[in-house]
Amino acid sequence: MPRSTASAAGSSRSSARRRLSRRAVSRVSWQGSPRWSNTSTRGLPCMGCASSTSATSTGSEAVTNDSDAGRRAGDVPYRFARDTTAAEVHERFGSLGIGESSGVVASVAGRVMLSRPQGKVAFAELRDSSGPIQLFATEKGTPGYEAFCRLTLGAWIGVTGDVVRTRRGELSVAVGSWEVLARSRHNFGDKWRGVTDVETRYRQREMDLWANPASRRVFTMRSKLITELRHQLERRGFLEVETPVLQPIPGGALARPFTTHHNALDVDLFLRIAPELYLKRLVVGGFERVFEIGRVFRNEGISPRHNPEFTMLELYQAYADYGDLMSLTEELVAGLAHELCGSARIPYGGKELDLTPPWRRATLLELVAEQAGIEISLDTPIDELARISQEHGGQTTGGPGKLVLEIFEKTTEATLWGPVFVCDYPAEVSPLARRHRHMPGMVERFEAIVAGRELANAFSELVDPDDQRSRFVAQASARAAGDEEAMVLDEDFLRALERGMPPTAGLGIGIDRLVMLLADVANIRDVILFPTMRPEAHGD
RNA sequence: GCGCCUCUAGCUCAACGGCAGAGCAACGGACUCUUAAUCCGCAGGUUCUGGGUUCGAAUCCCAGGAGGCGCACCA
């Protein structure tokens, strides 16, 4: 029998059958399932046809003469009245006995991931976003049975039928009717090993997500993390805001920006490297607790821990100092770990990481002395600092503050495993942070180091407009000396400070790296759906 | 940017100077309860690209492309 005939006949028969099964369903009804009653009335009215069902069968019949009808991508219905998910079926019928039929009809839809035709019966694994459910088809009970057996892996189908448990104990939907919702012209990798080629996984993420459960897990976790983060911040009285991505002066961080151009205004604009300056202006404006979760862009190299665009949380809290934000940081991170991993003690890179508050707090200089045995301060002669930095492969340019930071990063940062707040940075490398109330030359700033890497950066914000102006001037001279990452003076921001900014503390957390930490992955590209890649040559 | 490594069928991988192969997918067939079903059959290739060495190159050399890791920079 030609494939097309079987397929078309199967489709139209399944359509008739579907109407029957709908009645059957409304008779049986899933108690407590509000979805059910909504389903039949949901969806767009089908203009020019009695129902979407008749539209489907018309479509199928229209291509009966086409010898390749079954393979045409356009030959699919406009909607499918799914009424439950794979996970719901498992949840609701988990106790169904072996070989029993529930007598309840369900409509499920998803992609065919495995197919095991076996003569007069056939099994298939259907997967939707909730997970897998087995389909059980029989020559007697399944219209278009032969076409069902010929479904290729990757096809989307909609299925309606009794929920049953097979003799071998697998909960299944017995296929009473079915229809193709989409065909796949490309396969989804090795059905056992999935897709391991990392380039394919990053470039063709849709394939990766279907083929690799671990990848789905990571991105699901990422989404939940951001949702939970919002909830936690909103519970604490923070207001979520959005500030410009296109900025005339890229500020708030030390980094090189991407440049773009606005035609109508005929001005160059920059993609933001941080939202910081705008968020602080909102504090001046009276929003005492604000946060933004958004994409920032830095025109820098790509590495397992760097993507040119990444997601950052920044928050600002009036009347608070950096000590308050240490408490907030450890509570937020531990809370997220609890929510997503079930515990504040999580595995990372084969080791254990205990994120339970309180985290250790130590000064940068203390940690350098402790970890590297190097006793330095901002008063150490600059030649000596340069020599130590060089000894450890660091740069030798800049003032004492920059050299101290360089020495910390080269000798100490990566050795810090457990969460630790590294406190009190040189003012020289922190042009937006407030001077330390006790330590000259230092600012009240901390970085949270977890698993040897910076997870958060925060400080008591510099609120003195005169000091801020002189810091900008210092940055300008660094810039004139060739430092492309130095900041540019921002008069709008200074005017805001001149209007009066209350004592405020600000915090930034790299969301991608937080996801990496909680999901236990080593490459930032595994937590970004479409990481930045060199465009692929399509030589065809 | 620099260094090291990788690139073979749609996917996962062999062959490492001597006829380019396997499993899965696809395609054809058998099979009435499978679980990566099994079995039989068929087909599938610019071995990333371009040069070179050689009687002979997927294999060795050079150049280029894409990717990974490390360094550098940062979050």
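Just so it is clear, the model here is predicted, and its values are computed rather than measured. First the proteins, then the strands, lettered A, B, ... as listed; each starts at 1.
- In this structure, the salt bridge (Lys or Arg N to Asp or Glu O under 4.0 Å) partners of A:Glu331, at least two apart in sequence or on a different chain, are A:Arg236.
- For residues 115-127 of chain A, there are no salt bridge (Lys or Arg N to Asp or Glu O under 4.0 Å) pairs, not counting sequence neighbours.
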Using nucleotides 37-42 of chain B, report all nitrogen or oxygen pairs with the protein that are shorter than 3.5 Å.
from  : atom 1 : to       : atom 2 : distance (Å)
B:A37 : OP1    : A:Lys191 : NZ     : 2.5
B:A37 : OP2    : A:Arg116 : NH1    : 2.6

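- Looking at A:Asp197, its side chain has no donor and acceptor atom pair within 3.5 Å of the base of B:G67.
- Atom CD in A:Glu139 sits about 11 Å away from atom P in B:A30, given to the nearest Å.
- At whole-Å resolution of the value, CD1 in A:Ile98 and P in B:U35 are 15 Å apart.
- Of all the residues in residues 121-134 of chain A, A:Val121, A:Phe123, A:Gln134 reach under 4.0 Å from RNA chain B with at least one non-hydrogen atom.
- Partners of A:Arg387 according to the side-chain hydrogen bond (donor to acceptor under 3.5 Å, both in side chains) rule, which considers only residues two or more places apart in sequence or in another chain, are A:Glu384, A:Glu391.
- The distance from atom CD1 of A:Ile302 to atom C1' of B:C71 is 16 Å, rounded to the nearest whole Å.
- The separation of B:U12 from B:G1, taken at their C1' atoms, amounts to 35 Å, rounded to a whole angstrom.
- Here, B:A36 and B:G23 have their C1' atoms 11 Å apart, quoted to the whole Å.
- For A:Arg203 and B:C11, the CZ to P distance is 14 Å, given to the nearest whole Å.
- A:Glu228 places no side-chain N or O within donor-acceptor distance of the main-chain N or O of A:Leu336, the cut-off being under 3.5 Å.
- At the heavy-atom level, A:Asn212 lies nowhere under 4.0 Å from the strands shown.
- Among the atoms of the strands shown, only primed sugar atoms or phosphate atoms (P, OP1, OP2) are found under 4.0 Å from some heavy atom of A:Glu454.
- Of the two residues contacting RNA chain B, namely A:Arg298 and A:Thr196, the nearest-nucleotide position lying further toward the 5' end is that of A:Thr196.
- For the pair A:Ser460 (side chain) and A:Tyr322 (backbone), a donor-acceptor distance under 3.5 Å is present.
- Nucleotides B:A15 and B:A20 place their C1' atoms 8 Å apart, quoted to the nearest Å.
- Both key distances under 3.5 Å define a Watson-Crick or G-U pair, and stretches of 3 or more such consecutive pairs in RNA chain B run B:1-7 with B:65-71, B:10-13 with B:21-24, B:27-30 with B:38-41, B:48-52 with B:60-64.
- Distance, A:Leu151 CG to B:A26 P: 10 Å, rounded to whole Å.
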